[in-house]
Amino acid sequence: MSIEQTITDKLTQQFTPEWLEIENESHKHSSGRGSESHFKVTLVSAFFEESRLVARHRAIYQCLADELANGVHALALHIYTPAEWQECNETVPPSPNCLGHGK
């Protein structure tokens with residue numbers, strides 16, 4: 001199973017999202033095409049209704065601890081409650097381009 005699929009499965013099981021999108025952005029970094037090291041996660045869940053942003057990030061990091069310890073280098077997290085998701089017109093900011101290692 002790919003790391004991307006594992007991330008999808010774990011986040012779905014833990015947070016029962018209304019919306020979940022995982023983007024493999026490894027090709028934008030020095031890790032290159034075919035790698036699974038950099039991901040952008042957009043997750044909308046009522047699970048986060050009473051949580052501040054830091055607590056939301058911690059919950060994601062805890063859920064994906066094994067992946068972060070074994071090859072996932074970066075997660076760009078965009079975590080919303082359903083109301084916040086509607087307020088931002090269901091759009092996520094684009095990820096910045098990476099300059100690459102050593103540049």
Side-chain angles (χ1 to χ4, degrees):
M1 180 182 312
S2 72
I3 294 172
E4 183 174 353
Q5 186 60 54
T6 300
I7 290 170
T8 300
D9 292 348
K10 284 185 168 187
L11 294 178
T12 299
Q13 184 177 24
Q14 180 75 30
F15 301 106
T16 316
E18 291 184 20
W19 176 263
L20 176 62
E21 185 174 5
I22 311 294
E23 296 178 59
N24 184 344
E25 296 186 328
S26 301
H27 66 280
K28 295 180 179 181
H29 301 271
S30 59
S31 51
R33 293 202 182 278
S35 179
E36 289 189 294
S37 60
H38 293 70
F39 292 93
K40 179 177 183 175
V41 175
T42 305
L43 188 137
V44 180
S45 175
F47 182 90
F48 300 116
E49 292 287 348
E50 301 298 322
S51 300
R52 292 180 183 232
L53 188 57
V54 171
R56 296 175 192 187
H57 281 240
R58 284 183 186 145
I60 299 289
Y61 294 146
Q62 183 177 13
C63 180
L64 302 177
D66 288 340
E67 290 69 31
L68 290 164
N70 294 294
V72 173
H73 175 71
L75 291 174
L77 299 178
H78 302 278
I79 309 166
Y80 304 95
T81 66
E84 292 167 343
W85 183 237
Q86 287 182 345
E87 287 175 18
C88 72
N89 298 314
E90 300 178 2
T91 58
V92 177
S95 297
N97 290 327
C98 178
L99 296 177
H101 180 69
K103 291 185 181 178

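What you see is a predicted model, and the numbers here were worked out from it, not measured in a lab.
- F47 pairs by the ring-ring contact (aromatic ring centres under 6.0 Å, His included) definition with F15, not counting sequence neighbours.
- Here CD1 of I22 is found 12.5 Å from CD1 of I3. Values are rounded to the nearest 0.5 Å.
- For D9, the side chain to side chain donor-acceptor pair (under 3.5 Å) partners are Q5, not counting sequence neighbours.
- A distance of 5.0 Å separates OG1 of T12 from CG of L20, quoted to the nearest 0.5 Å.
- Applying the ring-ring contact (aromatic ring centres under 6.0 Å, His included) criterion to H73, with sequence neighbours excluded, gives H38.
- Evaluation of the side chain to side chain donor-acceptor pair (under 3.5 Å) test over residues 40-62, restricted to residues two or more places apart or in two chains, returns R56-E84.
- Taking OG1 of T8 as the reference point, atom CG of L43 lies at 10.0 Å (rounded to 0.5 Å).
- For the atom pair CD1 of I60 and CD1 of I79, the computed distance is 4.5 Å after rounding to the nearest 0.5 Å.
- The line from CZ of F39 to CD of E23 is 11.0 Å long, rounded to the nearest 0.5 Å.
- Contacts of T6 classified as side-chain contact (heavy atoms from CB on, under 4.5 Å), with partners at least two apart in sequence or in another chain: M1, K10, E67.
- V92 belongs to a hydrophobic cluster whose other members, connected by ILVMFWY side-chain contacts under 4.5 Å either directly or through intermediates, are W19, V44, Y80, W85.
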